[in-house]
Amino acid sequence: MTDNAEELIHVEYTQPWRYRWSTGKYIGKAYAETKRNKRLMGNRCSKCQEIVWPPEPVCPRCKVPTGEKWVELGDTGTVLQYTYQVMPMWDPHVGRARAHPHPSANIRMDSGCHIMHRLEETDPEKLKKVKRVKAVWKEEGRQGGMDDILYFRAIDG
Amino acid sequence: MANRVAIVAVAQTRYHPNREDVNEGELAYEAIAQVIGETGLDFSEDGGIGLAITSSDDYWDGRTISNNIVQAAVGAHMSDEGKVCEDGLNAIYSAYTRIVSGRQDLVIVCSHMKESQADKSMVENLTMDPMFLRPFGIDYLTASALQARCYMEKYGITSEQCAKVAVKNRGNARNNPFAQEPLAITVDDVLNSEVMADPIRLLDSKPVSDGACAMILASEERARKLTAKPIWILGVSNCYEAHYLGERDLAACDALSTAAQKAYRMADIKDPVREIQVAEICEEFSYQELLWYAGLGLCGAGEGGRLIDSGVTQMGGSLAVNPSGGMLSGVPNIVGGMSRAAEIVLQLRGEAAARQVEGPRIGLAHGYTGMCGQLQCVMVLGN
Ligand SMILES: [Zn+2]
C-alpha cells in the first residue's frame with residue numbers, strides 16, 4: 001500500500017521475563033550432585049536399564065516410571081561433533097547475544113549418555129584433533145546444573 | 001453412523017498454590033499414572049494407547065513447545081502426539097475427533113499448568129496484540145473488570161449477586177477433596193475483601209493455582225471392555241470471537257452462545273435447563289458465572305442475577321452449577337475445562353462422593369481461553 005519508508009515502522013519492547021522453574025526431584029537430584037559433588041548423575045530405567053539423561057520420572061522408551069537407581073555418568077567421553085561458533089549466541093543469563101569463545105560439542109560419555117557442552121580448545125586447527133575429553137569443573141561458585149562444568153578438555157587416550 | 005466416543009478414566013491432582021516440589025512433567029504424571037493404572041492400558045502398538053494430546057501454554061510455561069517437558073510422562077516418545085495451546089476442553093474435543101474419524105481407538109489427554117512459575121499479569125499481557133493493547137499493560141483482570149462493569153450496568157446485576165457465586169462455589173469446594181481453597185464465606189466477606197480491579201474483589205477472583213488433569217478416551221467397542229460406566233460425549237463445539245474488546249459486545253458472550261447452541265443441537269438438547277442436571281463451568285471471576293449462564297442458554301440475557309437468586313444452581317437445586325467449587329476455589333487456567341469435564345464424568349458415574357448431585361443423566365462442561373472468554377468450548381456428556 002505504501003512505499004513510504006516513514007510509514008514502515010518497527011515497534012520494539014524491552015520486557016523483563018521472569019520465571020521460576022521447579023526442577024522437580026529428578027532434575028533436582030542431578031543439579032544438587034553437580035553443585036555438591038562435581039559429578040553428573042542420571043537415573044537408570046528399571047525396565048530397559050538404560051540411563052535416562054537428562055533425568056526423567058518416566059522412561060521415554062519404555063513409558064514406565066524410571067525409579068531412582070542413580071548412576072554416575074563419569075567425567076570422560078568422546079567428541080562426536082563440534083561446531084565453531086562465529087556468530088554471537090543468545091545468553092539467557094544476561095538477556096542478550098554475546099560471542100562465546102568455546103566451541104559447542106556433542107559428547108558421548110563413556111557411560112553411554114550423550115551430553116551437549118563446550119570444548120576448552122578454541123584453535124580451529126587443533127580442534128580437528130580433539131577426540132577424547134574430560135570435564136573441567138568449576139572449583140568455586142557452582143550453582144547446580146551444566147554450567148558447573150567450565151568445558152571439556154582434550155586428554156590422551 | 002459415526003463412532004461413539006466415551007471417557008473411560010479421569011484423574012486430577014489436588015490443586016495447590018505452589019507445587020515447587022515438582023516440574024510440569026512430574027505434576028502431569030501424578031494424574032497420568034492414575035488413569036494408566038486404573039485402565040491397565042499401556043502404549044504398545046498392539047492394542048495400546050495410540051495418541052497423546054496435551055494442553056498447556058508456551059507463555060505460561062516460559063518455553064515454546066511447552067509439551068516437551070511432559071513428552072515422556074504422557075507416553076508420547078516415538079508416538080503420535082499433539083498439543084492444544086488452549087483450554088483443556090479443546091484437547092478433549094481434539095481427541096474426540098480422532099476417535100470419531102476412526103483413526104484412533106484409544107487416546108490419552110492431559111492438561112497441566114503451574115501458574116506459580118510466572119507472573120500472571122506478565123503472561124496475560126503477552127497474549128495481547130502488541131500494537132494496540134499490550135502497551136497499556138492490561139491483563140485479564142483489567143479486561144475482565146471492564147467486562148464486569150459493562151455486564152453489570154447493562155442488566156442491573158449487583159455486586160451481591162456476583163458475591164453469591166463466590167460464596168456458593170467456595171462453599172461447594174468444601175466437599176471436593178481436590179479443591180485448593182474450600183471456604184465458608186458470606187456475601188459480606190466477599191464485599192469487604194480487597195478491591196483488585198473495580199468492581200472485582202479478591203474473593204471474586206480465583207487464586208494462583210498449580211495442577212493437572214488426565215483422561216482416557218475410547219471408541220465404543222474399546223470403552224465397553226474397559227469400564228462398566230463409560231461416559232459418552234454427546235455434543236461438543238467451540239467458537240471464537242474477536243480479540244480486540246472494542247469489536248465485541250462484552251455483555252453478550254456471543255461466542256459462548258454459538259458454541260452452546262451447536263453442542264446442544266448435536267446432543268439433541270432442546271431445553272438445557274430441563275434436560276441437564278449438572279454443569280461445571282469455568283469462572284475465573286464471579287461475574288463470569290452469571291454471564292455464562294445466559295451464554296449457555298440456562299437463562300435469558302441479563303437474567304444471571306435472577307438465576308443465582310432463585311437457588312436453582314445451588315447444590316440441591318434442579319441444575320447444580322459447579323458442585324466441585326469451580327475455578328474460583330482454585331483450578332489453573334488451561335486445566336480449567338478438562339477438570340470441569342472430569343468432574344462431570346464423576347457426577348455421571350455417581351462417584352462424586354460428598355459433592356454428588358442426585359442421579360444426573362446429562363451433564364455440561366465448559367471451558368474458555370483468552371481475554372474475557374474469547375474462545376469458548378462446550379461439551380455435553382451423558383451416562
Ligand atoms: Zn526404559
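Order of the sequence lines sets the chain letters (A, B, ...), proteins ahead of strands, with each chain counted from 1. No experiment lies behind these values; they were computed from the predicted model shown.
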Mind checking the [atom1]-[atom2] spacing from [X] to [Y]? Nearest 0.5 Å is all I need.
X        : Y        : atom1 : atom2 : answer
B:Leu226 : B:Leu106 : CG    : CG    : 6.0 Å
B:Leu146 : B:Leu245 : CG    : CG    : 7.0 Å
A:Phe152 : A:Asp75  : CZ    : CG    : 7.0 Å

[X] side chain to [Y] backbone, donor-acceptor under 3.5 Å:
X        : Y        : answer
B:Asp58  : B:Ile65  : yes
B:Glu115 : B:Pro332 : no
B:Glu26  : B:Asn23  : yes
B:Asp87  : B:Gly337 : yes

Could you check B:Thr127 against B:Tyr140 for side-chain contact (heavy atoms from CB on, under 4.5 Å), going step by step and ending with a plain yes or no? CA-CA 10 Å; B:Thr127 70; B:Tyr140 291 4; 3.0 Å; yes
Counting neighbours of CE on A:Met146 that are heavy atoms of other residues, nucleotides or ligands and sit closer than 6.0 Å, is the number greater than 12? yes
Tell me whether the count of non-hydrogen atoms from other residues, nucleotides or ligands lying under 6.0 Å of CD in B:Glu45 goes above 12. no
Taking all non-hydrogen atoms of both residues, which atom of B:Ile108 and which atom of B:Ile49 are closest, and how far apart? N-CG2, 3.7 Å
Correct closest heavy-atom pair for B:Ser116 and B:Asp210 would be OG-OD2, 2.7 Å
Toward chain A, the part of B:Arg19 with a non-hydrogen atom under 4.5 Å: backbone
What part of B:Glu20 is in contact with chain A, defined as an atom under 4.5 angstrom from a non-hydrogen atom: side chain, backbone, both or neither? both
Non-hydrogen contacts under 4.5 angstrom with chain B: give the residues of residues 108-141 of chain A involved, or none if there are none. none
Per-residue contacts, residues 27-63 of chain A versus chain B, heavy atoms under 4.5 Å: A:Ile27, A:Glu56, A:Pro57, A:Val58, A:Pro60, A:Arg61, A:Lys63
Checking salt bridge (charged side-chain N to carboxylate O under 4.0 Å, His left out) for the pair B:Glu181/B:Lys206: CA distance, chi angles, key distance, verdict? CA-CA 9 Å; B:Glu181 223 176 70; B:Lys206 86 165 200 70; over 6 Å; no
Would you mind listing every ring-ring contact (aromatic ring centres under 6.0 Å, His included) that reaches into residues 44-84 of chain B, with sequence neighbours excluded? A:Trp17-B:Tyr59
What residues of residues 29-44 of chain B make heavy-atom contacts with chain A at a cutoff under 4.5 angstrom? B:Tyr29, B:Phe43
